[in-house]
Amino acid sequence: MATVQLAQVNKVYDGGVHAVHDFSIDIADKEFIVFVGPSGCGKSTTLRMIAGLEEISYGDLLIDGKIMNAAAPKDRDIAMVFQSYALYPQMTVYNNMAYALKLRKVPKEEIDKRVKEAARILKLTPYLDRKPRALSGGQRQRVALGRSIVRRPKVFLMDEPLSNLDAKLRVAMRSEIVHIHNEVGATTIYVTHDQIEAMTMASRIVVMKDGFIQQIGEPNEVYKNPANMFVAGFIGTPAMNFLHGTLEEGYFVIDGTGERIKITPAQMKYLKNYVGKRIVYGIRPESLIYEGDERFEKYKDYSFKMTAGMVELLGDIVNVHGVAGENKVVLKMGSKYSVKDKAEISVAAECEQARFFNESTTKAITPDCCEYEEAEVTQSLDEDNVVVIEQKTQGIFSKIANAIKSAGKKNKKSEPADVEDIKQENSSEDIEVETTEDEKTEQ
């Protein structure tokens, strides 16, 4: 397969909208990387730059060590699976999967071998003679995956391929995609806004926000040791609890109640620079212990009171939403316990699972990063007050590629608009199948 490197990759649209900032990552051969973040964070834009559907404003993209900034999509040896299945409704499953190989004039025997092998992996063998309208949503998505697998590309790109499926089918397809990845052994880059997909599928996660990388790491590492409050709040269901307050010698004092949570000696060693300062005490809902639990007595010194509000019954799990002073708190506990609305209860934090954050910068306070700092106060920006900073092209290969593109744009002025549209369509034909009007109606 292939390695993929992005070095200080940026995307700036016309009008100065900076969608992706200094994106850098080294993706090893056969890795399953997941870009995760809220809508508008730049994850799909980054994927489209790798695919060649978006130009890289500056920075470099390398596949197997070769600069690919100026390469056409069809020359990058990648396959992309989109959110929409984009299948040809008039073709059978077999022909949908074989179509890209026919365009490349691959011998019929080889096409037949590849299609049947992909169908075996995807459990589509009984459906090869059916047309898309006779398939379920999950089966159509597997056909879209099969169309990519038969290509045997260096890199698979997947842009939220499961978002159109129902919850039960999404769970089934998650495990299938991981199984396919392990069997095919492909380098895969997967985009989703669903942090559960990221946690269950990825070998590494890239958490993004506002076009910036927030953290890169293995799922368990990102979950247990988030780099900042955004990552801590985004990864995990329910999100991590954040208690705001002041650090005293040996205790954390909660805003609004004055209650004191004990800080362990090991934690005080790296929190010593924050004594007398405001910090955020982070604790996950499952790391809070209800007062009726037999473990509560062990962690009694790390307890505080909360007022219960909405109670979510989720079968074997109960989520109790409440407040502790000025802080919202969620308690996750077993369904054998019951809590009434507006009841005042005590909960204890498993001190080993507590995480601490600088309230000003929102960064995690850790043994390796424990110096006190304050965020620089700047004027808040909104849509009507945005400062655009111009930056020159970086990287010698990017400069050469952009110079060629600029020269080409001068010649395009004399061409009719439809000519340019045809060129763009042809350049991406190898990774995106055009959705026909019949199929849009069908979907």
Side-chain angles (χ1 to χ4, degrees), residues 32-36 39 43-44 47-48 51 53 78-101 114-153 155-202 428-443:
F32 195 117
I33 297 291
V34 175
F35 296 168
V36 65
S39 297
K43 55 189 185 295
S44 290
L47 195 75
R48 290 173 68 84
L53 300 178
I78 61 176
M80 190 164 182
V81 180
F82 294 87
Q83 181 176 344
S84 60
Y85 315 126
L87 303 178
Y88 290 113
Q90 73 277 16
M91 293 184 182
T92 63
V93 169
Y94 184 99
N95 288 331
N96 264 286
M97 294 170 67
Y99 187 65
L101 299 180
R114 292 194 193 182
V115 169
K116 288 181 177 178
E117 175 64 13
R120 181 191 64 79
I121 294 172
L122 295 163
K123 300 177 182 177
L124 289 172
T125 303
Y127 312 109
L128 288 176
D129 294 328
R130 292 191 188 183
K131 291 185 178 179
R133 65 174 60 90
L135 303 176
S136 67
Q139 289 166 344
R140 292 184 194 183
Q141 192 59 269
R142 290 205 296 270
V143 175
L145 288 169
R147 187 173 55 201
S148 298
I149 290 173
V150 297
R151 288 265 321 281
R152 297 182 181 174
V155 182
F156 284 104
L157 307 179
M158 300 187 185
D159 191 3
E160 302 194 42
L162 306 184
S163 59
N164 288 333
L165 306 180
D166 61 68
K168 185 176 181 180
L169 192 53
R170 285 171 72 108
V171 174
M173 283 300 297
R174 283 204 303 263
S175 60
E176 285 193 32
I177 289 177
V178 172
H179 173 73
I180 292 165
H181 167 75
N182 293 334
E183 187 161 345
V184 175
T187 303
T188 303
I189 305 174
Y190 187 103
V191 161
T192 182
H193 62 271
D194 187 337
Q195 52 95 12
I196 295 178
E197 284 184 18
M199 290 291 293
T200 55
M201 298 172 72
S428 61
E429 65 180 357
D430 283 359
I431 60 172
E432 181 172 13
V433 178
E434 182 183 358
T435 306
T436 65
E437 290 300 323
D438 292 339
E439 185 189 358
K440 290 178 181 176
T441 302
E442 178 189 349
Q443 290 179 357

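- Atoms NZ and CD1, on Lys43 and Ile189 in that order, are 15.0 Å from each other to the nearest 0.5 Å.
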Report task. Apply side-chain contact (heavy atoms from CB on, under 4.5 Å) to Leu157 and Arg48, showing your working. Result -> CA-CA 9 Å; Leu157 307 179; Arg48 290 173 68 84; over 6 Å; no

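- The two residues Ser44 and Val191 make their nearest non-hydrogen contact at OG-CG1, 3.7 Å.
- Taking the salt bridge (Lys or Arg N to Asp or Glu O under 4.0 Å) definition, one finds that Glu176 meets it with Arg142, sequence neighbours left out.
- The shortest distance between side-chain heavy atoms of Glu197 and Arg170 falls below 4.5 Å.
- Considering all non-hydrogen atoms of both residues, Arg151 and Ile78 come closest at NH2-O, 3.1 Å.
- Lys116 pairs by the salt bridge (Lys or Arg N to Asp or Glu O under 4.0 Å) definition with Asp112, not counting sequence neighbours.
- Atom CE of Met80 sits about 4.5 Å away from atom CG of Asp159, to the nearest 0.5 Å.
- Nearest heavy-atom pair across Ala79 and Ser148 is CB-CB, 3.6 Å.
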Report task. Applying side-chain contact (heavy atoms from CB on, under 4.5 Å), run through Tyr190 and Leu162 and close with a yes or a no. Result -> CA-CA 11 Å; Tyr190 187 103; Leu162 306 184; 3.4 Å; yes

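- Separating the CE atom in Met97 from the CG atom in Leu87 is a distance of 10.5 Å, to the nearest 0.5 Å.
- Between the Asn96 side chain and the Tyr88 main chain, a donor and an acceptor come within less than 3.5 Å of each other.
- Applying the salt bridge (Lys or Arg N to Asp or Glu O under 4.0 Å) rule to Arg174 yields no partners; only residues at least two apart in sequence or on another chain are considered.
- For Thr188, the side chain to side chain contact (heavy atoms under 4.5 Å, CB included) test picks out Phe32, Phe156, Met158, His181, Ala186, with sequence neighbours left out.
- Scored by the side chain to side chain contact (heavy atoms under 4.5 Å, CB included) test, Ala98 finds Tyr94, Lys102, Ile111, Val115 as partners (sequence neighbours excluded).
- Shown here for Ile149 and Ala118, the closest heavy-atom pair between the two residues is CG2-CB, 4.1 Å.
- With sequence neighbours excluded, the residues that form a salt bridge (Lys or Arg N to Asp or Glu O under 4.0 Å) with Arg120 are Glu117, Glu183.
- Minimum heavy-atom separation, Ser175 to Ala172: OG-O, 2.8 Å.
- With values rounded to the nearest 0.5 angstrom, Met173 atom CE is found 8.5 Å from Met201 atom CE.
- Closest non-hydrogen pair, Ile121 versus Ile180, comes out as CG2-CG1, 4.0 Å.
- With rounding to the nearest 0.5 angstrom, the CG atom of Leu101 is 5.5 Å from the CZ atom of Arg114.
- The OG1 atom of Thr200 sits 8.0 Å away from atom CG of Asp194, with the distance rounded to the nearest 0.5 Å.
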